Undergrad: 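Would you mind keeping the following structure in view while I ask a few things?
Side chains are part of it too, since the values below use all heavy atoms of this structure and drop only hydrogens, waters and symmetry mates. These figures come from a predicted structure and were not determined experimentally. Just so we're on the same page: letters track the sequence lines, and every chain starts at 1.
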Amino acid sequence: MAEAKALTPRATDFSAWYNELIARAQLADYSPVRGCMVIRPNGYAIWEQMQRALDQMFKDTGHQNAYFPLFIPQSFLSREAEHIEGFAPELAVVTHGGGKELEEPLVIRPTSETIIYSMYAKWIQSYRDLPVLINQWANVVRWEMRTRLFLRTTEFLWQEGHTAHATESEAEEETLRMLGVYRTFMEEWMAMPVVTGRKTDSERFAGALRTYSCEALMQDNKALQAGTSHNLGQNFSRAFEVTFQTASGDLDHVWNTSWGVSTRLVGALIMAHGDDAGLICPPRLAQYQVVIVPIYRSDEERATVLDTAERTRKELAAAGIRVHLDARDGMKPGAKYYEWEGRGVPMRLEIGPRDVASGTAVLARRTGGKKESLALAGLGPALVAAMEAMQREMLEGARARREANSLRGATKDQFLARLESGGGFIYAGFCGRGECEAEIKEQTKATIRVLPDAEFRSPQVPDTCMWCGGPSVTEAVWARAY
RNA sequence: CGGGGUGUGGCGCAGUCCGGUAGCGCGCCUGCUUUGGGAGCAGGAGGUCCCGGGUUCGAAUCCCGGCGCCCCGACCA
């Protein structure tokens, strides 16, 4: 019976473990429509926490939220040649409305560059109107062939920032600033270390000049692209005639950026931190940071224990902790432990008759270690400190795991061997030729995740291409990826 | 769209070969006893057996035709 209640172990079947965890923690469910998912309250709560943190970071960097429509005239997509080419196969198209066939089909946005820059064309006249710094929280639709809950679904939620600038260097600065914001969010909130860098042309966003991304390593040693930031150059401003008059009176096209992260981050969180007992949510993102489980036998015990538990709950809430008292009757404490562990709650407080008598509570950390008895007096600050420590340790642990699963300066043989023996990030020299990149992808299914930013580069960058032996122009990070 | 699998109470399955009118586990409801790591007992609710046709006295089961879903390959945050 115990077996039936446990998740498939991560080590046995990572993908089964992932799916079962989501079902068990009630994060999401499959929808009647193929490839779509229903985000259940427990899953949505995580997304809300992410939104809250990111939204504040966007505001702090000068951005405002706005909302653009779901429907885009089909002709808009084809204005930017590379863009339409990139998205054509995965578009959902509306051909009928109000019982009639539409004169022009409407595309359901796969992303909003076209509709947004068509509006910017109206709003921007002068360099005094720049920069325009707008973000929107929205759903988008991409008709994917193979889907997985959170990681790739036909419809997903995300934010997309779209900015317009007077110069290329300002646009580049913005692109990198937002990449940095993502990195900070992933490290500081998700406790998930990432490698940042530039994408190769083959992995570049359709219509962008340059694409940068944050790449995270999951516990099965596959890479996950967790966030992207694009310098769009003047590709869209030319297509949509977004022009402005410069201080010297010339007419110029604006320089655009766009950047986004999606509900995929929930999947990243699961795969970065989950264990065989379920999700492990870092304290800063947890809907409930602390759950109190009362323990009692008789009705009298129940009354006194619940009284103490409720007073403790109020105290912790007053200390700014997101706390929940699980007072459900007719459920054994052990069953509650398993349930909250599955949902990833960082801290559990057990309060029973013995604790009431001694003015203590038992603390269990989701990340493991011995249970600990803490005095009820001063519990708030103690838990805040414990959570800060957990947040830090989770990041450090994940970073250590990533480094342990990164191979630097790989030769071709080492590269091939590593892919077979577990994967992870593989750093090696790269000649920069698309032919090499494509051949590697075809033969090994490994792709260049990024050309890493300076701080992630190896101390000694290889001078030959790992694959063809030609001169290396840069170091690249390869991995098999989601 | 190719290759493989599978459709039976909410979920997971048995029953199909060899036709006889549907069962098990979990979950759910009620009651009592329980509660410091997934409770026990008793009673109970719940099923067009994917759909359509055919064979037969009789079809979850046999035959024909559809459809859905899952896994593997070509696309992708």
Side-chain angles (χ1 to χ4, degrees), chain A residues 1-7 13 15-16 19-20 23-24 26 29-35 85-91 110-111 138-148 150-160 182 199 202-206 208 211-216 223-230 258-268 277-278 293-299 301-302 305-306 326-342 348-358 360-362 364 371 373 441-442 445 447 449 481-482:
Chain A
M1 204 52 49
E3 283 85 349
K5 292 187 171 185
L7 298 173
D13 183 343
S15 150
N19 289 332
E20 288 171 24
R24 180 71 58 82
Q26 302 187 351
D29 204 347
Y30 297 94
S31 92
V33 178
R34 171 198 170 78
E85 199 182 320
F87 279 110
E90 48 188 276
L91 292 179
T111 177
N139 58 338
V140 288
V141 167
R142 299 178 187 178
W143 217 261
E144 300 290 352
M145 299 188 181
R146 299 195 54 202
T147 56
R148 298 203 58 194
F150 290 113
L151 298 180
R152 176 167 299 109
T153 50
T154 297
E155 178 188 5
F156 57 93
L157 306 183
W158 77 343
Q159 56 72 216
E160 44 181 327
Y182 288 155
K199 286 290 193 183
S202 69
E203 302 272 332
R204 182 171 46 86
F205 172 71
T211 289
Y212 300 88
S213 83
C214 296
E215 298 283 329
L224 183 78
Q225 180 172 305
T228 51
S229 187
H230 316 288
S258 70
W259 26 274
V261 295
S262 71
T263 38
R264 170 178 256 201
L265 288 179
V266 179
V293 176
I295 297 158
Y296 46 81
R297 296 168 201 270
S298 62
D299 281 352
E301 278 183 357
R302 180 175 182 278
V305 164
L306 281 181
D326 186 353
R328 284 177 295 179
D329 242 330
M331 199 173 171
K332 295 186 75 168
K336 293 181 181 178
Y337 300 168
Y338 281 104
E339 180 174 322
W340 292 112
E341 281 167 7
R348 180 180 72 236
L349 276 183
E350 304 165 11
I351 300 182
R354 295 202 295 267
D355 298 298
V356 172
S358 60
T360 60
V362 172
K371 290 188 189 181
S373 188
K441 181 176 179 180
E442 198 196 316
K445 295 198 170 67
T447 50
R449 304 318 304 158
Y482 276 96

Undergrad: Just how far, in rounded Å, is P of rG12(B) from CG of N19(A)?
TA: 13 Å

Undergrad: Rounded to whole Å, please give me the gap between OH in Y30(A) and C1' in rC70(B).
TA: 10 Å

Undergrad: Once you round to the nearest 0.5 Å, how far does CD of E20(A) lie from OG of S15(A)?
TA: 9.5 Å

Undergrad: Assign R348(A) to base, sugar-phosphate, or nothing according to its heavy-atom contacts below 4.0 angstrom with the strands shown.
TA: base

Undergrad: Determine the Euclidean distance between corresponding P atoms of rG40(B) and rG36(B); express it in Å to zero decimal places.
TA: 13 Å

Undergrad: Paired with rG12(B): which nucleotide, if any, by Watson-Crick or G-U wobble criteria at under 3.5 Å for both distances?
TA: rC24(B)

Undergrad: Looking for any heavy atom pair under 4.0 Å, which part of the strands does L224(A) touch: base, sugar-phosphate only, or nothing?
TA: nothing

Undergrad: Using atom CG of D29(A) as one end and atom C1' of rC11(B) as the other, report the distance to the nearest whole Å.
TA: 11 Å

Undergrad: Looking only at heavy atoms, which two atoms of H230(A) and A208(A) are closest? And how far apart?
TA: CB-CB, 3.9 Å

Undergrad: Write down the atom of V305(A), the atom of G352(A), and the distance for their closest heavy-atom approach.
TA: CG2-C, 3.8 Å

Undergrad: Touch check for V362(A), heavy atoms < 4.0 angstrom, all strands: base, sugar-phosphate only, or nothing?
TA: base

Undergrad: When all nucleic acid strands are considered with a 4.0 Å heavy-atom cut-off, which category describes T153(A): base, sugar-phosphate, or nothing?
TA: base

Undergrad: Using heavy-atom distances to pick each residue's nearest nucleotide on RNA chain B, tell me which of S262(A) and T147(A) is more 5'.
TA: T147(A)

Undergrad: Under 4.0 Å, counting only non-hydrogen atoms across every strand here, what does Q225(A) touch: a base, just sugar-phosphate, or nothing?
TA: sugar-phosphate

Undergrad: If we call it a pair only when both distances are under 3.5 Å in a Watson-Crick or G-U wobble match, what pairs with rU6(B)?
TA: rG68(B)

Undergrad: Once you apply a heavy-atom cut-off of 4.0 Å, does K445(A) come out as touching a base, just sugar-phosphate, or nothing?
TA: nothing

Undergrad: For R204(A) and S202(A): C-alpha separation, side-chain torsions, deciding distance, then whether side chain to side chain donor-acceptor pair (under 3.5 Å) applies.
TA: CA-CA 6 Å; R204(A) 182 171 46 86; S202(A) 69; over 6 Å; no

Undergrad: Rounded to the nearest Å, what distance is computed from the OH atom of residue Y482(A) to the P atom of nucleotide rC75(B)?
TA: 19 Å

Undergrad: Identify the nucleotide, in any strand shown, that forms a Watson-Crick or G-U wobble pair with rA60(B), with both distances under 3.5 Å; if there is none, say none.
TA: none

Undergrad: Determine the interatomic distance between P on rG27(B) and the same-named atom on rA60(B); round to the nearest Å.
TA: 30 Å

Undergrad: What's D355(A) touching, base or sugar-phosphate or nothing? Going by heavy atoms closer than 4.0 Å.
TA: base

Undergrad: Reckon F156(A) touches a base, only the sugar-phosphate, or nothing at all at heavy-atom distances under 4.0 Å?
TA: base

Undergrad: Between rG37(B) and Y337(A), is there a base-stacking contact, meaning the centre of the base's six-membered ring lies under 5.5 Å from the residue's ring centre while the planes stay under 30° apart?
TA: no

Undergrad: Between P on rC75(B) and CD on E144(A), what's the gap in Å once rounded to a whole number?
TA: 12 Å

Undergrad: Write down the distance between NZ (K441(A)) and P (rA74(B)), rounded to a whole number of angstrom.
TA: 9 Å

Undergrad: What is the distance from CD of E301(A) to C1' of rU34(B), rounded to the nearest Å?
TA: 13 Å

Undergrad: Shortest non-hydrogen contact from S213(A) to T228(A)?
TA: CB-CG2, 3.9 Å

Undergrad: Looking only at atom P, what distance separates rU48(B) and rU55(B), rounded to whole Å?
TA: 26 Å

Undergrad: Please work out if R302(A) contacts a base, only the sugar-phosphate, or nothing of the nucleic acid, heavy-atom cut-off 4.0 Å.
TA: nothing

Undergrad: Given the C1' atoms of rA14(B) and rA22(B), what is the spacing between them in whole Å?
TA: 11 Å

Undergrad: The side chain of R354(A) is closest to which nucleotide in this list: rU35(B), rG38(B), rG36(B)?
TA: rG36(B)

Undergrad: Closest approach of F150(A) and T153(A), non-hydrogen atoms and distance?
TA: N-CG2, 4.0 Å

Undergrad: Taking the side chain of R24(A) as its heavy atoms from C-beta onward, which of rC75(B), rG38(B), rG36(B) lies nearest to it?
TA: rG38(B)

Undergrad: If you pin E203(A) and S298(A) to their nearest nucleotides in RNA chain B, which one's is more 5'?
TA: S298(A)

Undergrad: State whether the distance check finds a donor on one side and an acceptor on the other, under 3.5 Å, for side chain K371(A) versus base rG37(B).
TA: yes

Undergrad: In whole Å, measure the gap between the C1' atoms of rC50(B) and rC69(B) for me.
TA: 10 Å

Undergrad: Give me the distance, rounded to whole Å, that separates rG15(B) from rG23(B) when you measure between the P atoms they each carry.
TA: 16 Å

Undergrad: Whole angstrom is fine here: how far is it from CG in D326(A) over to P in rG37(B)?
TA: 16 Å

Undergrad: With both distances under 3.5 angstrom, what nucleotide forms a Watson-Crick or G-U wobble pair with rC1(B)?
TA: rG73(B)

Undergrad: Mind checking the P distance from rG52(B) to rG68(B)? Whole angstroms is fine.
TA: 16 Å

Undergrad: So does K332(A) get a side-chain nitrogen or oxygen closer than 4.0 Å to the phosphate oxygens (OP1/OP2) of rG40(B)?
TA: no

Undergrad: What is the minimum heavy-atom distance between P294(A) and D326(A), and which atoms define it?
TA: CD-O, 3.0 Å

Undergrad: Please measure how far the P atom in rC41(B) lies from the corresponding atom in rU8(B), and state the result in whole Å.
TA: 29 Å

Undergrad: Can we say K199(A) and E215(A) salt-bridge, meaning some charged N sits less than 4.0 Å from an Asp/Glu carboxylate O?
TA: yes

Undergrad: Could you tell me the Watson-Crick or G-U partner of rG31(B), where both distances fall under 3.5 Å? Say none if there is no partner.
TA: rC41(B)

Undergrad: Ignoring hydrogens and angles, does a donor from either the side chain of E341(A) or the base of rG37(B) sit under 3.5 Å from an acceptor on the other?
TA: yes

